[in-house]
Structure formats: structure tokens, C-alpha cells
Amino acid sequence: MYAVANISGQSELRAFAEKWGLVYSSTADLIAFQRRRSALVERCAPPVAMPTKFGVFTAHCYRSLVDGVEHIALVKAQSGNELPHKLKPFLGSTKPALVRVHSECCTGDIFGSLRCDCGPQLEAGLRAIERDGWGVFLYLRGQEGRGIGLGAKIHAYSLQERGLDTLDANTELGLPVDSREYGTGAQILVDLGIRDMRLISNNPKKFTGLAGFGLRIVDREPSHTAPNKENIGYLRTKVQRMGHMLELGDSSDWAENGAPPPVSGGSQTSAASQDEE
Ligand SMILES: Nc1nc2c(ncn2[C@@H]2O[C@H](COP(=O)(O)OP(=O)(O)OP(=O)(O)O)[C@@H](O)[C@H]2O)c(=O)[nH]1
């Protein structure tokens with residue numbers, strides 16, 4: 001294999017490869033290929049019961065072999081007569097699991113920040129999986145601020161106070177708009193035995209990011225929460241600049257005075273047809 005250092009663009013590289021009958025690939029392609037082939041995670045604890053205010057789940061904990069970050073999957077898998085805490089609760093089942101892959105958000109998930117919709121999405125996701133009885137809430141740590149980290153996200157907020165939107169604020173800091181990768185999450189889901197799933201998300205990048213690891217997303221379940229006056233700009237930017245599949249309605253649908261919004265419709269599964277609209 002030869003690394004060609006003095007060829008500047010893709011088209012030059014393609015021409016060079018064609019001229020000499022070579023196969024060529026970008027570094028990004030090689031990294032993606034490697035991620036698909038190698039193990040990215042290992043279990044770091046036995047499964048254990050996790051009673052929560054949303055219901056009783058089984059917690060499965062994994063560690064990334066790439067960066068050492070630990071992730072947690074809360075599993076609901078009631079199939080009747082199974083052993084408690086099976087390692088692969090979904091293995092062999094043809095019933096698609098309801099899955100939420102949630103990016104860490106300290107401010108929204110823990111402190112209830114109204115700047116984003118993360119906290120209400122977390123609660124709605126856990127409620128939906130509890131109600132469904134067959135699914136996984138996968139909490140990906142290390143994805144704070146869409147991958148830029150907590151301090152940088154807070155810095156980005158300070159730029160947002162000066163009028164920049166959530167994307168431009170990251171760019172202004174010289175940081176990527178979204179550096180999350182989903183290979184790690186995909187491998188956790190595969191390890192739990194999932195093959196077919198209904199993904200709770202509005203983010204088109206998650207659908208492409210999770211595909212290709214032996215997982216099949218058979219349906220989308222919208223993750224809708226009522227906007228509030230603090231996060232409406234953030235949500236509009238997600239729709240307009242990141243292609244999120246969200247319907248924001250008008251201000252009469254907003255939660256009062258920035259209060260924690262109730263989940264619209266009460267069910268994540270109710271609006272699955274938004275995809276087809
Ligand atoms: N950089 C940055 N990150 C943010 C901001 N607000 C929330 N986040 C982070 O965004 C991540 C959540 O991503 P979102 O784009 O809101 O939603 P998503 O998870 O991609 O999509 P859904 O599955 O539809 O929820 C979390 O890691 C949050 O910490 C912000 O203003 N700037």
C-alpha cells in the first residue's frame with residue numbers, strides 16, 4: 001500500500017490511480033472500514049437491575065476500547081420466561097426493539113437546562129421504552145455538546161448569547177458542528193442481540209451512522225417534546241440547518257414560560273408516520 005502525499009485532491013488521486021491501475025481509498029474510508037471490522041467495545045460489568053422512576057430496567061455497561069469512555073444501556077426486555085439479566089436479551093427475536101441512542105448532555109439531562117430539548121427527550125425515551133416493554137435506552141457518554149465537550153459547549157453558549165446559532169458558535173470556536181460517531185453505539189446494540197429496531201430520533205445522521213453494523217432500522221419514532229421560549233431558536237436551527245425531522249408548530253404549542261415541557265401526544269410511537277409526510 002502506498003500513501004500518496006503530494007496529490008492534492010480526490011480527482012487527481014482518482015486519475016493517478018486509474019493511470020497506474022491502483023485501488024484507492026480515502027483515510028476516512030479506511031477508518032470507517034476499520035471501525036466496522038474491529039471490536040470497539042467490551043463489557044465492563046455484569047448486567048444488573050436498575051429500578052428507576054420510569055420503571056425497572058436492566059443496566060448493561062460497556063467500555064470503549066478506543067478511548068476508555070464507559071457507556072450504559074438500560075434494557076427492557078420482557079419476553080415472559082427468560083432468565084433475569086440475560087447478556088443478549090434480544091438475540092433470536094424477530095420483534096424490532098424500540099431504541100433511543102441518547103448523547104450525553106450534562107446541562108440538559110442532569111440540570112434540566114431549557115436551552116436544549118435533551119432532558120425531556122431522555123425522560124420521554126425511557127417512558128416510551130418502559131411502556132413498550134421491548135427496547136433499549138443507550139446513553140452515549142463522551143458525546144457532550146455533539147462531541148465538543150462540556151467546556152466548549154458552555155463557551156459556545158456564550159457565543160449564542162451574542163447572536164450566533166448553535167452551528168455557527170461551534171464553527172467560530174474552530175470546532176466541528178457535530179463530531180459524534182455511532183459505531184460504538186451500534187456495536188453495543190449488536191452485542192445485546194438487536195438486529196431490527198425502531199429508532200427514536202429526529203436526526204437523519206443517526207440513521208446513517210447506525211446502519212451498516214448488522215443493524216436494521218425498520219421504523220422511525222419521532223422524539224418530539226414541546227418547545228419552550230428558551231430552546232425554540234435551537235430547535236429551529238436543528239430543523240433548518242441540520243435537517244432534523246421536527247414539527248415545531250406555533251407559539252401556542254410551546255411550554256409555558258420555559259417550564260419543563262410535557263411530551264406531546266404522550267407517546268413516542270404515536271407519530272411514526274411523520275417520516276412519510
Ligand atoms: N455544541 C452544542 N451542543 C449542544 C447544544 N445543545 C445541545 N447540545 C448537545 O447536543 C447533543 C444532542 O444532540 P441533538 O442534535 O440535540 O439531538 P440528536 O441527539 O442529534 O438528535 P435526536 O435523536 O433527534 O435527539 C447533546 O450532546 C447535547 O449536549 C448547543 O447549543 N451546542
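Given the structure is predicted, the values throughout are model-derived calculations rather than measurements. Order of appearance sets the numbers: ligands from 1, and atoms from 1 within every ligand.
Heavy atoms of His102 come nearer than 4.0 angstrom to ligand 1 in no pair at all. At a 4.0 Å cut-off, not a single heavy atom of Arg115 sits close enough to ligand 1 to count as contact. Distances shorter than 4.0 angstrom occur between a heavy atom of Arg100 and an atom of ligand 1.
Both the backbone and the side chain of Cys105 come within 4.0 Å of ligand 1, judged by heavy-atom distances. Looking at Leu246 against ligand 1, nothing comes within 4.0 Å, counting heavy atoms. Contacts of Lys205 with ligand 1, taken as heavy-atom pairs under 4.0 Å, are absent altogether. The proximity of Ile148 to ligand 1, defined as any non-hydrogen pair under 4.0 Å, is limited to the side chain. Under 4.0 angstrom from ligand 1, there are no non-hydrogen atoms of Ala156.
In terms of protein heavy-atom proximity, atom 6 (N) of ligand 1 is nearest to Tyr234 CE1, 3.2 Å. With hydrogens left out, the protein atom closest to atom 19 (O) of ligand 1 is Lys206 NZ, 2.8 Å, a heavy atom. Looking at atom 13 (O) of ligand 1, its nearest protein heavy atom turns out to be Arg180 NH1, 3.2 Å. For atom 31 (O) of ligand 1, the nearest protein heavy atom (residue, atom name, distance) is Gln160 NE2, 2.9 Å. Distance from atom 4 (C) of ligand 1 to its nearest protein heavy atom, with residue and atom name: Lys153 CD, 3.8 Å. The closest protein non-hydrogen atom to atom 21 (O) of ligand 1 is Asn203 CB, 3.3 Å. Here the protein heavy atom with the shortest distance to atom 26 (C) of ligand 1 is Glu104 O, 3.4 Å.
The shortest distance between side-chain heavy atoms of Phe16 and Leu22 falls below 4.5 Å. Between Phe90 and Val75 there is a side-chain heavy-atom pair separated by less than 4.5 Å. Here the side chains of Met242 and Asp178 are in contact, with some heavy-atom distance below 4.5 Å.
With His224, Arg146, Gln121 as candidates, the residue nearest to atom 10 (O) of ligand 1 on a non-hydrogen basis is Arg146. Nearest to atom 23 (O) of ligand 1 by heavy-atom distance, out of Gly108, Gly233, Ser201, Gly209, is Ser201.
Residue Asn202 has at least one heavy-atom neighbour below 4.0 Å for each of these atoms of ligand 1: 22 (P), 23 (O), 24 (O). Listed by atom number, the atoms of ligand 1 under 4.0 Å from Tyr157 heavy atoms are 5 (C), 6 (N), 30 (C), 31 (O). For ligand 1, the atoms sitting less than 4.0 Å from at least one non-hydrogen atom of Gln143 are 27 (O), numbered in the order shown with element in parentheses. Listed by atom number, the atoms of ligand 1 under 4.0 Å from Thr166 heavy atoms are 30 (C), 31 (O), 32 (N). Residue-ligand proximity, Asn170 to ligand 1, at heavy-atom distances under 4.0 Å covers atoms 1 (N).
Smallest separation of non-hydrogen atoms from Arg195 and Gly214: NH1-O, 3.2 Å. Residues Gln187 and Leu40 share a closest heavy-atom pair of OE1-N, 2.6 Å.
Using a cut-off of 4.0 Å between Lys/Arg side-chain N and Asp/Glu carboxylate O, Arg63 and Glu70 are scored as salt-bridged. With salt bridges taken as basic N to acidic carboxylate O contacts below 4.0 Å, none links Lys153 and Glu104.
Checked by distance only, ligand 1 and Gly145 come closer than 3.5 Å through their nitrogen or oxygen atoms. Residue Lys238 places at least one N or O, backbone or side chain, under 3.5 Å from an N or O of ligand 1.
If you chain together hydrophobic residues whose side chains sit under 4.5 Å apart, Leu74 and Val48 never meet in one group. Hydrophobic clustering, with ILVMFWY side chains joined whenever heavy atoms are under 4.5 angstrom apart, groups Leu175 together with Leu164. If you chain together hydrophobic residues whose side chains sit under 4.5 Å apart, Val69 and Val66 never meet in one group.
More than 12 heavy atoms of other residues, nucleotides or ligands sit less than 6.0 Å from atom NZ of Lys95.
Checking side-chain atoms of Lys206 against main-chain N and O of Ser201 turns up no donor-acceptor pair under 3.5 Å. Formation of a donor-acceptor pair under 3.5 Å by the Gln143 side chain with backbone atoms of His102 is not found in this model.
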Intermediate values then yes/no, side chain to side chain donor-acceptor pair (under 3.5 Å), Ser103 and Arg180: CA-CA 9 Å; Ser103 298; Arg180 288 172 291 177; 2.8 Å; yes
